[in-house]
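Everything numeric here is computed off the predicted structure, so don't read it as measured data. All residue numbers refer to positions in the sequence shown, counting from 1.
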Amino acid sequence: MVEFFEKIRLKFSRFRLLLSDFKPMMLSHHPNCDKFSAHVYHVGKRSLCIGCFTFYPVIIITIILTLLFVEPNIYNLIIMYLISFIFFIPIILSVIGLTKYRFLKIFSKASNGIGVGLHLVSVFLLPFPLIVKILTLLEINFLVGAIAYIRANRIKKDCSKCDYQGNWDDCPGMKNIRDKLYEHGFRERKS
């Protein structure tokens, strides 16, 4: 039994070490360089991802305000469900590359957050069978996944245009993190 708890303690300790290695980009999700400066809010010495720190708080605020101020009757819930899709239209801004403009990026993330919040409230409160609710929530998962995919490709594209061409072992914005991952055995250097 002692061995079991020792293994758990070691795994937890290892996980904490991994998190500490990623700490410089835990809240920003972007390399720490000038090319990604417009992708983050700068709060003191911290960089916070515009997408995450707009999208998720807006979802929470939308859910709270909806639950406080909208009567959860069947009519309102169906209207909320249908309206939620209107707030996903700004995903088009990401697809056509207009979210490179900071205002449009923030607008798109806030709009998508409202859409997700309304969608979640309506799906959870509508009297659908559980399987229908699960399938309906997969729509949101698909949309959020599509946004993440577009963002990941855009980061790769931006990195490939840089002098370091996405070589994060040499990139000053990622080198420190990569070196720690190698040092602590989370990555192996390619020969």
Side-chain angles (χ1 to χ4, degrees), residues 4-5 7-9 11-12 14-16 18-19 22-23 25-30 36 38-43 46-158:
F4 172 76
F5 286 116
K7 284 182 183 179
I8 297 290
R9 189 189 69 73
K11 286 184 181 192
F12 183 71
R14 199 82 180 118
F15 180 68
R16 285 182 52 207
L18 178 65
L19 290 180
F22 276 111
K23 187 177 180 182
M25 63 184 299
M26 286 286 261
L27 301 176
S28 69
H29 316 307
H30 300 82
F36 292 98
H39 295 246
V40 296
Y41 295 120
H42 299 280
V43 181
R46 296 206 184 275
S47 295
L48 308 174
C49 173
I50 285 177
C52 294
F53 283 89
T54 304
F55 181 69
Y56 293 111
V58 169
I59 291 172
I60 293 167
I61 291 167
T62 300
I63 290 170
I64 291 169
L65 292 177
T66 302
L67 292 173
L68 288 175
F69 297 110
V70 177
E71 179 68 34
N73 61 47
I74 194 81
Y75 175 78
N76 286 342
L77 293 172
I78 290 171
I79 295 296
M80 259 194 309
Y81 176 79
L82 296 173
I83 287 175
S84 72
F85 290 100
I86 293 170
F87 288 96
F88 294 120
I89 292 172
I91 289 174
I92 294 168
L93 297 173
S94 290
V95 172
I96 61 176
L98 289 178
T99 53
K100 65 185 174 189
Y101 301 107
R102 190 178 182 96
F103 170 77
L104 291 177
K105 178 188 290 283
I106 293 168
F107 167 75
S108 175
K109 299 301 181 186
S111 180
N112 293 329
I114 293 169
V116 170
L118 292 174
H119 197 86
L120 290 173
V121 170
S122 62
V123 168
F124 279 115
L125 296 180
L126 279 167
F128 292 148
L130 181 60
I131 188 68
V132 173
K133 289 181 186 223
I134 291 169
L135 292 173
T136 306
L137 292 175
L138 287 176
E139 294 170 334
I140 295 299
N141 194 36
F142 173 76
L143 288 170
V144 172
I147 294 167
Y149 177 78
I150 291 167
R151 184 180 70 86
N153 281 341
R154 192 134 312 120
I155 287 173
K156 276 187 189 176
K157 187 177 175 183
D158 288 348

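- Without hydrogens or angle criteria, T54 side chain to G51 main chain gives no donor-acceptor distance under 3.5 Å.
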Residues H39, D158; criterion side chain to side chain contact (heavy atoms under 4.5 Å, CB included); working and verdict: CA-CA 12 Å; H39 295 246; D158 288 348; 3.8 Å; yes

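- Between N112 and F88, some side-chain heavy-atom pair lies under the 4.5 Å cut-off.
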Candidate pair I106 and Y41, rule side chain to side chain contact (heavy atoms under 4.5 Å, CB included), full reasoning: CA-CA 10 Å; I106 293 168; Y41 295 120; 3.7 Å; yes

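- Of the inter-residue distances, the one linking I78 atom CD1 with S122 atom OG reads 9.5 Å to the nearest 0.5 angstrom.
- Of the possible donor and acceptor atoms, none in the side chain of N76 sits under 3.5 Å from a partner among the backbone N and O of P72.
- Atom NZ in K105 sits 13.5 Å away from atom CZ in F55 (nearest 0.5 Å).
- The minimum heavy-atom distance linking G115 with S84 is given by the pair O-CB, 3.3 Å.
- Side-chain atoms of S111 do not come within 3.5 Å of backbone N or O of F107 as any donor-acceptor pair.
- At least one donor-acceptor pair under 3.5 Å links the side chain of K133 to the backbone N or O of L126.
- When the shell of 6.0 Å around CZ of R102 is examined, it contains more than 12 heavy atoms from other residues, nucleotides or ligands.
- Expressed to the nearest 0.5 Å, how far CG of L77 lies from CG of L118 amounts to 10.5 Å.
- A side-chain donor-acceptor contact under 3.5 Å links T136 to the backbone of V132.
- Across I64, V58, I59, L65, a single residue satisfies side chain to side chain contact (heavy atoms under 4.5 Å, CB included) together with I61, and that is L65.
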Side chain to side chain contact (heavy atoms under 4.5 Å, CB included) between L125 and L67, intermediate numbers included: CA-CA 10 Å; L125 296 180; L67 292 173; 4.0 Å; yes

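- In this structure, CG in L120 is found 6.0 Å from CD1 in I140, a value given to the nearest 0.5 Å.
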Steps toward side chain to side chain contact (heavy atoms under 4.5 Å, CB included) verdict (L138, L135): CA-CA 5 Å; L138 287 176; L135 292 173; 4.0 Å; yes

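- In this structure, F85 and Y81 have perpendicular ring planes: the angle between them is above 60°, well past the 30° mark.
- Note that CG of L82 and NE2 of H119 are 10.5 Å apart. Values are rounded to the nearest 0.5 Å.
- Of all heavy-atom pairs between G113 and T62, the closest is O-OG1, 4.2 Å.
- N73 contributes atom CG, which lies 10.0 Å from atom CD1 of I79 (distance to the nearest 0.5 angstrom).
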